[in-house]
Amino acid sequence: MKKINLSIIIAHYLPPDNQNLNPLIKTLESINSQKNNYNIEIIIADDGSDYTNDIINNFSKKKSIKDDKRDIYISNNNKLSLWLKNKNINPDLISNWVYIPKYINCMSKARVVNQAVELSSSDYLCFLDDDNYLLSDNSIESIINLFKNYNLIIGQIKDNNGKYRLYSSHRVQGTTIAVKKNIINNIN
């Protein structure tokens, strides 16, 4: 099996009223358009999107969450491919879909992202939100090259209105980062 150059973990939540405007599609397209000669793994960390509820009946692994009545569901391989095709999402792009149902009204982004990190195959991790697509035509190549000299890479994002977010904007920028997996493992 060819070595994975980069694992891209995309935090995802699609509210019930946005079913026709899934920002994940544009983010996936921006990644697919520049994979080039790199072996990229994409893992979706889904924090309870309604349209994903049917993954519970089509999961390949169910994992209990300590001190929580919910479970995390992980779909991959043929079951995931069939489900993605049904949702009109390119099945060749996504290796794993990690899903936690919204049985309680809370954010569980950290839980699903942590599970996605456990599943990742690369030594290099890139974290995006589903509406933070890659800005330049060579973002993946730049990230991989920057890892030769840096352990942590922080990127700029464009918001849904097409405006660049400044770091002085007092908005959280932490979901658009890349970090070596050993750093995450060392801090546990």
Side-chain angles (χ1 to χ4, degrees), residues 1-12 22-47 49 52 55 58-61 63 72-99 109-158 173-188:
M1 182 174 167
K2 191 175 174 185
K3 182 181 177 186
I4 303 290
N5 300 108
L6 182 66
S7 294
I8 300 175
I9 297 171
I10 302 173
H12 177 58
N22 192 343
L24 178 62
I25 303 302
K26 184 173 183 177
T27 300
L28 290 172
E29 288 171 355
S30 75
I31 294 166
N32 189 45
S33 70
Q34 57 180 281
K35 287 185 342 186
N36 300 326
N37 298 322
Y38 298 106
N39 194 12
I40 304 300
E41 164 186 70
I42 299 173
I43 303 171
I44 305 300
D46 190 331
D47 185 15
S49 301
T52 316
I55 211 166
N58 192 27
F59 67 90
S60 58
K61 183 178 178 185
K63 187 172 182 180
I72 288 181
Y73 297 86
I74 303 163
S75 187
N76 52 34
N77 301 321
N78 291 336
K79 290 183 179 186
L80 178 60
S81 289
L82 291 171
W83 184 81
L84 290 170
K85 284 178 187 176
N86 187 39
K87 299 297 179 192
N88 294 317
I89 298 173
N90 183 347
D92 299 329
L93 297 177
I94 301 169
S95 63
N96 288 282
W97 195 293
V98 182
Y99 173 70
K109 182 177 180 177
R111 289 181 194 248
V112 293
V113 168
N114 285 338
Q115 181 62 50
V117 168
E118 283 184 36
L119 292 170
S120 64
S121 303
S122 176
D123 295 332
Y124 303 143
L125 307 175
C126 178
F127 297 92
L128 298 172
D129 272 355
D130 57 7
D131 60 351
N132 299 147
Y133 51 91
L134 300 176
L135 297 179
S136 72
D137 292 338
N138 64 343
S139 292
I140 289 175
E141 182 177 11
S142 294
I143 290 167
I144 291 170
N145 285 332
L146 285 167
F147 271 127
K148 294 174 185 172
N149 296 309
Y150 301 99
N151 293 326
L152 175 67
I153 303 160
I154 301 172
Q156 187 176 31
I157 62 170
K158 241 187 225 184
Q173 306 293 325
T175 57
T176 309
I177 64 169
V179 64
K180 290 184 178 176
K181 188 173 181 178
N182 69 327
I183 303 293
I184 300 288
N185 290 339
N186 287 340
I187 61 173
N188 198 18

Legend entry - Pairwise distance CD(E118) to CD1(I74) - rounded to 0.5 angstrom: 8.0 Å

Legend entry - Distance, nearest 0.5 Å, that separates CD1 of I8 from SG of C126: 5.5 Å

Legend entry - Backbone N/O of I4 and side chain of E41: donor-acceptor pair under 3.5 Å: no

Legend entry - Taking every non-hydrogen atom, the tightest pair across S121 and S7: N-OG, 3.5 Å

Inset, instruction - Taking atom types as modelled, find out whether S122 and K181 have a side-chain donor-acceptor pair closer than 3.5 angstrom. - result: no

Inset, instruction - Find the distance between CD1 (I177) and CD1 (I9) and round it off to the nearest 0.5 Å. - result: 10.0 Å

Legend entry - Distance (rounded to the nearest 0.5 Å) between K87 NZ and I25 CD1: 11.5 Å

Legend entry - Flag for N96-N76: side-chain donor and acceptor within less than 3.5 Å: yes

Inset, instruction - State whether the side chain of N22 and the backbone N or O of L24 hold a donor-acceptor pair below 3.5 Å, judged by distance alone. - result: yes

Legend entry - Any donor-acceptor pair under 3.5 Å from Q34 side chain to E141 backbone: no

Inset, instruction - Check whether any side-chain heavy atom of L152 lies under 4.5 Å from a side-chain heavy atom of I183, and answer yes or no. - result: no

Legend entry - Gap between atom CD of E29 and atom CG of N90 - 0.5 Å precision: 9.5 Å

Legend entry - Side-chain donor or acceptor of D46 paired with backbone N/O of S49 under 3.5 Å: yes

Legend entry - Donor-acceptor contact below 3.5 Å, side chain N39 vs main chain K3: yes

Inset, instruction - Go through the steps for I42 and I44 under the test side chain to side chain contact (heavy atoms under 4.5 Å, CB included), then give the verdict. - result: CA-CA 7 Å; I42 299 173; I44 305 300; 4.0 Å; yes

Inset, instruction - Of all the heavy-atom pairs spanning N32 and L93, show the shortest one and how long it is. - result: OD1-CD2, 3.2 Å

Inset, instruction - Report yes if the side chains of D123 and K180 come closer than 4.5 Å at any heavy-atom pair, otherwise no. - result: no

Inset, instruction - Apply side chain to side chain contact (heavy atoms under 4.5 Å, CB included) to the pair K63 and Q115, showing each step before the final yes or no. - result: CA-CA 10 Å; K63 187 172 182 180; Q115 181 62 50; 3.0 Å; yes

Inset, instruction - Would you check if V98 and I72 make a side-chain contact, meaning some heavy-atom pair closer than 4.5 Å? - result: yes

Inset, instruction - Show your working on side chain to side chain contact (heavy atoms under 4.5 Å, CB included) between W97 and Y73 and close with a plain yes or no. - result: CA-CA 8 Å; W97 195 293; Y73 297 86; over 6 Å; no

Legend entry - From CA spacing to verdict: salt bridge (Lys or Arg N to Asp or Glu O under 4.0 Å), K85, D92: CA-CA 10 Å; K85 284 178 187 176; D92 299 329; over 6 Å; no

Legend entry - Side-chain touch S120/I43, heavy atoms, less than 4.5 angstrom: yes

Inset, instruction - Find out whether I10 and L28 are in side-chain contact, i.e. whether some heavy atom of one side chain is under 4.5 Å from a heavy atom of the other. - result: yes

Inset, instruction - Over all heavy atoms of both residues, which pair between I153 and I143 is shortest? Give the atoms and the distance, please. - result: CD1-O, 3.6 Å

Inset, instruction - Answer yes if the side chains of T27 and D130 hold a donor-acceptor pair under 3.5 Å, and no otherwise. - result: no

Inset, instruction - Might you point out which heavy atoms bring V112 and Y99 nearest each other, and give the distance in Å? - result: CG1-C, 4.4 Å

Legend entry - Neighbour count above 12 (heavy atom, 6.0 Å) for N185 CG: yes

Inset, instruction - Evaluate side chain to side chain contact (heavy atoms under 4.5 Å, CB included) for N114 paired with R111, printing each intermediate quantity in order. - result: CA-CA 5 Å; N114 285 338; R111 289 181 194 248; 5.9 Å; no

Legend entry - Side-chain heavy-atom pair L80, N78 within 4.5 angstrom cut-off: no

Inset, instruction - Give a yes or no on this: more than 12 heavy atoms of other residues, nucleotides or ligands lie within 6.0 Å of atom CG of N145. - result: yes

Inset, instruction - Find the distance between CD1 (I140) and OG (S30) and round it off to the nearest 0.5 Å. - result: 7.5 Å

Legend entry - Over 12 foreign heavy atoms within 6.0 Å of OH, Y38: yes

Inset, instruction - Looking only at non-hydrogen atoms, find the nearest pair between A11 and V113 and report the distance. - result: CB-CG2, 4.3 Å

Inset, instruction - Please state whether the rings of F147 and Y124 are parallel, tilted or perpendicular, taking 30° and 60° as the class boundaries. - result: parallel

